[in-house]
Number of protein chains: 2
Amino acid sequence: MSTRITDTTQAKSKKRLEPRKTPVQGRSRASVEAILTAAAQVFESHGYAAGTTNRIAERAGVSVGTLYQYFPSKEAIVVALLEEHLHETTRKLHEWVGHMVSLRHGLRDALTDYVQGIMEVHQTRPRLQHILLEEAPLPPRLHDLLMAADAEAVRTMGGLLRLYPEVGHADPESAAYLVIHTVESLTHRFAAHPDERLLDGPRFVVELVSMLEAYLSCPPGSGATRG
Amino acid sequence: MSTRITDTTQAKSKKRLEPRKTPVQGRSRASVEAILTAAAQVFESHGYAAGTTNRIAERAGVSVGTLYQYFPSKEAIVVALLEEHLHETTRKLHEWVGHMVSLRHGLRDALTDYVQGIMEVHQTRPRLQHILLEEAPLPPRLHDLLMAADAEAVRTMGGLLRLYPEVGHADPESAAYLVIHTVESLTHRFAAHPDERLLDGPRFVVELVSMLEAYLSCPPGSGATRG
DNA sequence: TGTTAACATGAGCTATTGCTCAGGTTATGT
DNA sequence: ACATAACCTGAGCAATAGCTCATGTTAACA
């Protein structure tokens with residue numbers, strides 16, 4: 001689900017990520033909650049670098065000390081936010097798969113559903129997602145998690161594609177790779193820069209679905225001529 | 001050509017970007033050159049935040065003072081590097097268009113050429129490009145430049161698509177938007193994370209080209225069934 | 001050869017940031 | 001009511017980064 005680049009050079013993993021205290025009482029759980037929502041807002045409005053821990057604590061209405069009792073580093077906050085996002089996305093994907101196998105739509109309707117679902121994910125706080133996925137440095141563990149989620153999504157999509165007789169592709173896994181990442185990248189971009197003059201939201205979805213459908217269902221080489 | 005997100009909140013544009021001195025002698029031009037290549041290397045290997053100006057100067061074999069005589073801020077270095085990249089990409093696109101209108105290939109061959117060209121661009125220092133385009137904060141002026149380059153690329157591609165009778169799409173501009181950004185995003189991702197187990201380089205190109213060709217040439221709705 | 005402008009140097013200033021810790025406040029359990 | 005643990009506070013430390021400037025060196029030109 002990301003376009004993040006593997007970092008082999010500055011992977012120092014110097015900071016601990018596990019909280020030094022786990023909240024047990026009500027007020028501390030509220031603090032943790034407040035810190036996370038504040039962090040999301042602060043990152044969204046200031047970017048990663050300018051999203052200082054002091055600012056986050058201030059916005060959350062707690063002191064920096066409190067923040068560092070539950071998040072041992074700034075990185076840990078990013079990790080927590082990203083894990084939330086990851087769970088949300090995975091949940092949506094599985095929910096969608098469930099709908100598809102039960103509803104037995106045609107390919108086009110299924111793809112439309114999928115694209116719209118991913119669009120929804122990307123339209124909520126696109127800048128935050130961009131910051132978390134592309135701008136903030138990630139510990140290797142989380143990076144692996146993201147890659148694993150990507151791979152799992154590809155396998156799931158591949159399995160689903162096999163259920164559609166319209167799909168004439170020899171290798172559903174490869175096709176799934178293209179589908180997953182095309183939808184991911186394009187919806188992300190469109191959510192960030194909706195070029196309304198050229199293409200409004202609904203038309204964008206139609207175009208994207210058309211491309212996917214043509215790719216999956218068109219016999220290869222049809223309509224092509226050689227120079 | 002980017003997936004960068006518009007930043008409306010921290011756009012302070014506090015730093016000047018124009019050099020305070022323009023090199024006139026040979027040695028200073030060499031210094032500027034050295035600084036730029038050093039910056040590219042340092043960003044590539046340390047990331048944006050850890051790519052300090054002192055490190056860049058050290059790597060370039062000059063002092064920080066010299067660096068700041070020609071680049072008034074760290075941001076200015078990023079801008080210079082990105083402008084280089086932008087010119088390079090634009091040049092490649094126009095070169096490709098020239099080839100296409102003169103060679104009069106079929107659609108598939110033309111698309112293959114294009115995808116391979118963009119792949120080449122992304123395979124050289126993908127991490128640096130990622131840092132420049134996604135991680136480093138950009139001044140609004142350069143951001144507008146990137147968006148303008150994107151729009152121009154879409155127009156160019158749209159114009160070219162009209163020349164191919166195989167293209168059965170009603171609106172070449174919208175199709176061009178999808179083509180441009182699909183290729184951009186997917187090749188970028190593939191260059192960064194070449195998942196060789198699932199799809200090697202050449203096969204990736206074939207798949208991507210197949211998708212684009214199917215989208216552009218397949219009559220819409222063929223092979224699709226309704227719910 | 002002398003004068004000037006271009007160029008180079010690098011110690012260190014200023015500002016900022018992630019983070020700590022010594023000491024307070026609130027809840028829990030008996 | 002008392003003791004203990006959970007929780008909170010915020011001034012400030014240590015580290016670091018971007019950047020400056022006083023001073024020294026090299027090239028251009030008369």
Side-chain angles (χ1 to χ4, degrees), chain A residues 10 12-36 38-39 42-43 46-80 131 135-137 139, chain B residues 10 12-36 38-39 42-43 46-80 131 135-137 139:
Chain A
Q10 70 171 1
K12 296 163 195 170
S13 88
K14 53 215 159 184
K15 322 204 164 181
R16 84 159 99 151
L17 297 168
E18 311 310 320
R20 60 194 70 180
K21 270 188 185 177
T22 307
V24 304
Q25 294 178 4
R27 45 178 178 152
S28 58
R29 265 192 294 270
S31 292
V32 169
E33 198 74 13
I35 289 166
L36 283 177
V42 169
F43 284 144
H46 290 81
Y48 177 73
T52 70
T53 49
N54 284 297
R55 233 191 284 263
I56 292 171
E58 188 185 29
R59 176 115 195 188
V62 302
S63 71
V64 238
T66 297
L67 188 152
Y68 276 96
Q69 283 201 351
Y70 303 103
F71 299 95
S73 67
K74 185 179 174 179
E75 208 176 342
I77 301 178
V78 171
V79 168
I131 287 167
E135 202 173 325
Chain B
Q10 71 172 2
K12 296 164 195 167
S13 89
K14 53 211 156 187
K15 322 201 167 184
R16 85 158 98 153
L17 298 168
E18 310 309 322
R20 61 194 72 178
K21 270 188 186 177
T22 306
V24 305
Q25 295 178 6
R27 49 180 175 153
S28 58
R29 263 191 297 269
S31 292
V32 170
E33 199 74 12
I35 290 167
L36 283 177
V42 168
F43 285 145
H46 291 79
Y48 177 73
T52 69
T53 49
N54 284 294
R55 235 192 282 266
I56 292 171
E58 189 186 29
R59 177 113 194 186
V62 302
S63 72
V64 238
T66 297
L67 189 153
Y68 277 96
Q69 282 200 356
Y70 304 103
F71 299 95
S73 68
K74 185 179 175 179
E75 209 177 340
I77 300 178
V78 171
V79 168
I131 287 169
E135 202 173 323

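So you know, we letter chains A, B, ... as the sequences are listed, proteins then strands, and number each from 1.
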Given the rule in the side-chain contact (heavy atoms from CB on, under 4.5 Å) test, do B/E135 and A/Y48 qualify, once you have shown the distances and angles that lead to the verdict? CA-CA 9 Å; B/E135 202 173 323; A/Y48 177 73; over 6 Å; no
Selected nucleotide, minimal atom distance to B/V24 side chain, candidates D/dC8, D/dC19, C/dA6: C/dA6
Extract from the structure each pairing of a protein N or O with an N or O of nucleotides 10-13 of chain C at less than 3.5 Å, listing the distance.
unit_1: C/dG10; atom_1: O6; unit_2: B/G65; atom_2: N; d: 3.4

Could you tell me which non-hydrogen atom of B/V42 sits nearest to which non-hydrogen atom of B/G51, and how far apart they are? CG1-CA, 3.7 Å
Output the distance between atom CD1 (A/I77) and atom CZ (A/F71), rounded to the nearest 0.5 Å. 6.0 Å
Ignoring the backbone of B/Y68, work out which of D/dA6, D/dG18, D/dA17 is nearest its side chain. D/dG18
Set out, line by line, the N/O atom pairs under 3.5 Å between protein and nucleotides 25-29 of chain C.
unit_1: C/dT26; atom_1: O2; unit_2: A/R27; atom_2: NH2; d: 3.3

Heavy-atom nearest pair, B/A136 first then B/V78, reads CB-CG1, 4.0 Å
Whole Å only: how far is the CG atom of A/L67 from the C1' atom of D/dC7? 14 Å
Among the candidates D/dG18, C/dG18, C/dC7, find the nucleotide nearest to the side-chain atoms of A/K74. C/dG18
Between atom CZ of A/R29 and atom OH of A/Y70, what is the distance when rounded to the nearest 0.5 Å? 10.0 Å
Among B/T52, B/N54, B/I56, which residue satisfies the side chain to side chain contact (heavy atoms under 4.5 Å, CB included) criterion with B/V64? B/N54
